[in-house]
Amino acid sequence: MGIHHLVIALFVSAALCIIPLSGFIAFKIAKKLQSASLERLIRKNRSLIALIASEEGTARENAVAQLSLLGDPLLAEQLIDRTAGAAHRAIGDFRDLYDAAGVTERYVALLEKSKSWEKRAFAAEKLGQIGSAKALPALLSIIRDVTNEDEDVRGAALRALGRIRDERAIPFLIEALGYPDTWLPPRIGEILVSVGEPAIPFLQAELSRNPSEHVRMWAAEILGWLNAAGAAAVLADALSDISPEVRAKAAGALGKIKDDRAVNKLLELLVSDPVPFVRVKASQALGLIGHPAVIDYLINILKDPEWWVRVRAVEALEKLGDKAVAALLPALEDEDLEVRKRAAMALERIGYVEKILDEYGQPEFKGELRKILCLVAEAGIIESICQKLGTADKQLKKRIVRILGEARVIDAAGPLLELLHETSEWSLKARIIESLGRIGAKEAIPYLVEHLKDEESWVRKAAVDALGRLEAHAITDNIARILDAPRPLA
């Protein structure tokens, strides 16, 4: 290569290096000039910044007016953002100012029209920080666009939706309760709860007059979440709604509010409503309210032909505590196992089972208590009974062991085997072994074989009987050896 060509090559290489460098320098200079220009504009509007920072009513109104006339949403956003940062306040505290300056509208437009998912996601996050009701239709539209919208953008919009506390958003939120998306109304409900008391009049109005069953249903539900005592009358009227879903939700809300004035209407619903799940909700509400007149009606509902309605009546009675015991005891003999089980569970949770176990341990035998404990055990509710095995005296242990055996609850095998390992008292051992045989505890067979060698003949006899009940064919040789034992009883 000649010197001439070498010079040209060096020149081209230098030019190729200089062009990107000069472009980068030009970009940095432009950014610096832009930043300097912005700083000059911010200094120029220091009086407006003072108005923005003020929390006094007149100053705030002046700030809104001046921002409306500013005509530069970018500058307005910088002014408000800086003021919020300097005062260590949330951006949402300046919501009305962002709205007045057109900042909210700018981000709504960006959310709706930008082709960049990153910009749309950023716009959604910013709108959530601002928290203006003006953003709600756009956010809801993005959230519902499951087919076309980017998942990250929808996630940002959903987070933004959850941050909106603007009372002006209430009508939009209530309208969204009628959307067919099953996952959205619960989220809307949470937002309305966070808005709080201002949402109550709107929800009452929708419950009374909205033609959409879905909206009325959710209005009733959310009034319950809000514990809106002032809505009791509207909710009581909704117990006559044509929709069973609305009637059920209204009953549930009245239970949460615990308004005694709703008792009569709930009792009427409990007796006369043709839809089982509505009667269920009515019984639960009555249990939560706990009015004295409720127990008699819940006793009547225990005769309902639908087993699961009887179950819910039992659950309602449980919420009434000790005063419901007399009503729950007959349910232990219901024809349906699930009803019996729930009644036993209710008595255990109330503390009644533990109470009568203590009484059953007294020297004087009480047959009526034994019957109740047997019914509870037969229903499969044995937690309190088995726990008592660890602390009871010898006499009560024997009584409990016999109850568990007669109830034939296989879940009692573990506690009984544990007690068998712990005790050295022969009469208790014999009773435990007998009960293990009665309940069909095949996992006990190896331990019963060991007790074929027990020093006490009654224990050996109980082991033989239990192994016979368990059809332990594999260990007949062990039993045969006892025939040679010197004691005739064995």
Side-chain angles (χ1 to χ4, degrees), residues 200-201 203-331 334-336 338-339 342-343 346 350:
I200 292 174
L203 291 165
Q204 287 181 273
E206 298 305 317
L207 178 57
S208 299
R209 68 183 183 214
N210 197 297
S212 166
E213 172 189 353
H214 207 60
V215 173
R216 296 198 308 278
M217 178 187 78
W218 276 104
E221 177 89 347
I222 297 163
L223 285 168
W225 292 353
L226 284 164
N227 197 22
V234 175
L235 287 164
D237 289 341
L239 296 176
S240 305
D241 195 282
I242 191 171
S243 163
E245 290 284 355
V246 176
R247 297 198 299 275
K249 295 293 186 184
L254 285 165
K256 291 183 178 76
I257 293 169
K258 296 182 175 64
D259 192 314
D260 287 353
R261 292 170 296 179
V263 166
N264 288 335
K265 283 201 171 186
L266 285 167
L267 290 170
E268 183 182 342
L269 195 70
L270 188 64
V271 173
S272 62
D273 199 286
V275 182
F277 74 79
V278 177
R279 300 198 298 271
V280 165
K281 281 293 185 183
S283 70
Q284 290 173 335
L286 288 164
L288 288 168
I289 293 171
H291 192 276
V294 168
I295 293 180
D296 291 338
Y297 281 89
L298 288 175
I299 291 171
N300 287 333
I301 212 65
L302 284 171
K303 301 169 188 173
D304 193 284
E306 295 282 355
W307 69 268
W308 60 295
V309 174
R310 300 198 301 276
V311 165
R312 296 302 182 262
V314 167
E315 290 175 351
L317 284 163
E318 180 188 338
K319 291 179 175 62
L320 299 173
D322 290 340
K323 55 189 176 183
V325 168
L328 287 167
L329 290 175
D334 191 277
E335 63 184 28
D336 187 272
E338 188 63 24
V339 178
R342 295 300 179 95
I350 289 170

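Note that these values count all heavy atoms, side chains included, but never hydrogens, waters or copies made by symmetry.
Distance check: Glu206 CD to Met217 CE gives 14.0 Å after rounding to the nearest 0.5 Å. Atom CZ of Arg342 sits about 10.5 Å away from atom CG of Asp336, to the nearest 0.5 Å. Note that the CG atom of Leu223 and the CD atom of Gln204 stand 6.0 Å from one another [nearest 0.5 Å]. Atom CG of Leu266 and atom CZ of Arg261 lie 13.0 Å apart (nearest 0.5 Å). Distance check, rounded to the nearest 0.5 Å: CG of Asp322 to CG of Leu328 gives 10.5 Å. Interatomic distance, CD1 of Ile257 versus CG of Leu226, reported as 9.0 Å (0.5 Å rounding).
Taking the salt bridge (Lys or Arg N to Asp or Glu O under 4.0 Å) definition, one finds that Lys265 meets it with Asp237, sequence neighbours left out.
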Show your reasoning for whether side-chain contact (heavy atoms from CB on, under 4.5 Å) applies to Glu335 and Trp307.
CA-CA 9 Å; Glu335 63 184 28; Trp307 69 268; over 6 Å; no
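Within the structure, every pair that satisfies the salt bridge (charged side-chain N to carboxylate O under 4.0 Å, His left out) test and touches residues 238-250, not counting sequence neighbours, is listed here: Arg216-Asp241, Glu221-Lys249, Arg247-Asp273. Applying the salt bridge (charged side-chain N to carboxylate O under 4.0 Å, His left out) test to every pair with at least one member in residues 292-306, sequence neighbours left out, gives these pairs: Arg279-Asp304.
When all heavy atoms are compared, the tightest approach of Trp308 to Pro276 is CZ2-CB, 3.1 Å. The shortest non-hydrogen separation linking Ala248 to Phe277 is CB-CE1, 3.8 Å. What you find for Leu269 and Ala251 is that their closest heavy atoms are CD2-CB, 4.3 Å. The nearest pair of heavy atoms linking Ala327 to Leu302 is O-CD1, 3.6 Å. Of all heavy-atom pairs between Ala220 and Ala253, the closest is O-CB, 3.3 Å. Here the shortest heavy-atom pairing between Ser283 and Ala316 reads O-CB, 2.8 Å.
At a threshold of 4.5 Å between non-hydrogen side-chain atoms, the residues Leu270 and Leu298 count as touching. Side-chain contact between Leu235 and Asp259 is absent, with no heavy atoms from C-beta onward closer than 4.5 Å. The shortest side-chain heavy-atom distance between Leu320 and Leu317 falls under the 4.5 Å cut-off.
Residue Glu268 qualifies as open at atom CD: its count of foreign heavy atoms under 6.0 Å is 12 or below.
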